[in-house]
Amino acid sequence: MRFTVSSLVANAPDPVTGVRRTPQQKLRNVIDQAVLAEQLGYDGYGVGERHGEPFLSPAPPLLLSAIAARTSTIRLFTAVTVLSVLDPVRVAEDYAMLDQLSGGRVELIVGKGNDPRHFGLFGLPEERQWEALAENYGLLRRLWREESVTWEGSTRPPLTDATVWPRPLQDPIPVWHGSATSTRSTDLAARHGDPLFSANSFHPLEKYRALVEHYRERWEHYGHDPARARVGAGFGGLYVAKRSQDAVEGFRPYWNALFDSAAGRHNNSPFTSLEDALERGSALVGSPQQVIEKIHRYHEAFGNEVVGIGVDALTEEAQREQLELFASEVAPEVRRALS
């Protein structure tokens, strides 16, 4: 089992203190968080892509480059790269450069994006989002695997004998497909023989299990070896304490702020309370043993090989505390059981 930490770089007022960091303070916090994650033995650090307040993550390659300069071993993820609205040539160049700078540590998670604001910002009609994602991903794959690419499509001008430079250090850069709501993302991943990363945050386990099962069904449909299908899963929050009651009350203000936010409303979560979310959802909140048991429960449902966590909403002191507790009390036990 691999463990990753990720951030959408949301810079809202702290739900506990009411303090809002300056953009520079928040960006430095994310870089420091990634450095700490490497020191604690996490396997990867991811930066999401969002366009508009309160997020400070419109350009993950820039932020991941700063993280690459401060780290040496941790894998560098995107979570996700909003490929539906981006030029695949630019994406191929940016992440190939990052792969070279980082010593071959890049892994992309691509998707159509969860925030509908980016469609108007980049001039993509929302009804074409899935078509654009599939077309752009097909071109990105070719640009990283081929030289002298000739291509014609609907999302950008044609290419004739195009070769992106520099080439990635990895051959090729690993690409996962982010999945949150639609079987179109699971089908795209399966069609190309790529791994799937389930968002797994705002809804009960059953909804995401259905998407993972669809991915595995389509994987076999396209003729791939079932044993080679790969799944990662995010989890909707982290708060560990020796006493479960302390964990629940410690996490409550952060949960309330998240589900009252624009993102929470957009995702139409069916949870009626924090207790309901902890019972039916993926948030890793409780004693170390309770968190371990929930990770095992999701692994039984998904067969995932990656657990993705986030502590970005917490105060800086709580971020460090939670990353340290998870790394010392939870991750070793899960690795021993699922290695």
Side-chain angles (χ1 to χ4, degrees), residues 6 8-10 46-63 77-95 108-144 149-160 162 164 173 175-192 194-203 207-208 210-211 214-215 218 222 234 261-270:
S6 64
L8 290 173
V9 204
V47 172
E49 180 181 335
R50 291 289 190 277
H51 299 273
E53 287 191 304
F55 304 103
L56 300 173
S57 54
L62 293 178
L63 186 49
F77 283 80
T78 61
V80 300
T81 295
V82 186
L83 191 56
S84 57
V85 299
L86 302 178
D87 184 339
V89 174
R90 181 81 260 182
V91 173
E93 292 176 337
D94 285 348
Y95 287 103
L108 257 64
I109 305 177
V110 300
K112 58 91 178 171
N114 183 257
D115 189 334
R117 293 178 296 177
H118 55 238
F119 297 117
L121 187 63
F122 287 92
L124 175 69
E126 191 167 352
E127 63 271 15
R128 291 200 62 233
Q129 59 185 316
W130 294 108
E131 176 189 351
L133 174 63
E135 184 174 298
N136 286 347
Y137 182 57
L139 176 55
L140 177 63
R141 281 178 62 89
R142 290 191 61 193
L143 291 169
W144 275 343
V149 172
T150 296
W151 174 93
E152 185 171 347
S154 63
T155 58
R156 57 148 292 126
L159 298 173
T160 302
V164 295
I173 291 173
V175 176
W176 301 67
H177 294 253
S179 168
T181 59
S182 173
T183 56
R184 298 186 70 168
S185 57
T186 52
D187 184 85
L188 184 65
R191 187 189 324 160
H192 288 288
D194 294 329
L196 183 79
F197 204 102
S198 174
N200 193 38
S201 294
F202 285 96
H203 293 270
K207 176 174 182 175
Y208 299 108
L211 290 168
H214 180 264
Y215 164 69
R218 299 306 291 171
Y222 288 116
S261 68
R265 293 190 296 271
H266 170 69
N267 282 279
N268 299 314
S269 174

Sidechain-backbone polar pair: Ser57 side chain, Leu8 backbone, donor-acceptor under 3.5 Å:
yes

Can you check whether Leu86's main-chain N or O pairs, donor with acceptor, with Asn136's side chain at less than 3.5 Å?
yes

Would a distance-only check, ignoring hydrogens and angles, find a side-chain to backbone donor-acceptor pair under 3.5 Å from Tyr222 to His192?
no

Heavy-atom closest pair (Val82 atom, Gly113 atom, distance to 0.1 Å) is CG1-CA, 4.0 Å

Considering non-hydrogen atoms only, spot the tightest contact between Ser185 and Gly178 and give its length.
CB-O, 3.6 Å

Check Pro60 against Tyr95 and note the closest heavy-atom contact, atom names and distance.
CB-OH, 3.6 Å

What do the steps show when you test Tyr137 against Arg191 for side chain to side chain contact (heavy atoms under 4.5 Å, CB included), and what is the final call?
CA-CA 12 Å; Tyr137 182 57; Arg191 187 189 324 160; over 6 Å; no

Shortest non-hydrogen contact from Glu126 toward Pro116
OE2-CB, 4.3 Å

Apply side chain to side chain contact (heavy atoms under 4.5 Å, CB included) to Leu143 and Glu93, showing your working.
CA-CA 9 Å; Leu143 291 169; Glu93 292 176 337; over 6 Å; no

Is the side chain of Ser269 donor-acceptor paired with the backbone N or O of Phe202 at a distance under 3.5 Å, no angle test?
yes

Quick check against the 3.5 Å criterion: does Thr160 have a side-chain atom that pairs as donor or acceptor with the backbone of Thr150?
no

Would you check if the side chain of Glu135 reaches a backbone N or O of Ser154 as a donor-acceptor pair within less than 3.5 Å?
yes

Using modelled atom types and a 3.5 Å cut-off, is there a donor and acceptor pairing between side-chain atoms of Arg184 and backbone atoms of Ala134?
no

Output the distance between atom CH2 (Trp144) and atom CG (Leu139), rounded to the nearest 0.5 Å.
11.0 Å

Establish, from distance only, whether the side-chain atoms of Thr183 and His214 form a donor-acceptor pair under 3.5 Å.
no

Using 0.5 Å steps for rounding, measure from the CG atom of Asn114 to the CZ atom of Arg50.
5.0 Å

Passes side chain to side chain contact (heavy atoms under 4.5 Å, CB included), Leu83 versus Leu108? Steps please.
CA-CA 10 Å; Leu83 191 56; Leu108 257 64; over 6 Å; no

Would you indicate whether the side-chain heavy atoms of Leu56 and Leu63 approach each other to under 4.5 Å?
no

Search all heavy atoms of Lys112 against all heavy atoms of Ser84 and return the closest pair with its distance.
O-OG, 2.9 Å

When rounded to the nearest 0.5 angstrom, what is the spacing between CG in Asp94 and CZ in Arg90?
4.0 Å

Aromatic centroids of His177 and Tyr215 separated by under 6.0 Å:
no

Leu124 side chain reached by Arg128 side chain, heavy atoms, under 4.5 Å
yes

Answer yes or no: is there a side-chain heavy-atom contact under 4.5 Å between Val110 and Leu188?
no

Shortest non-hydrogen contact from Asp194 to Val175?
CB-O, 3.7 Å

Nearest-0.5 Å distance, CG of residue Leu211 to OG of residue Ser182:
7.5 Å

Rounded at 0.5 Å granularity, tell me how far CD1 in Ile109 sits from CG in Leu196.
9.5 Å

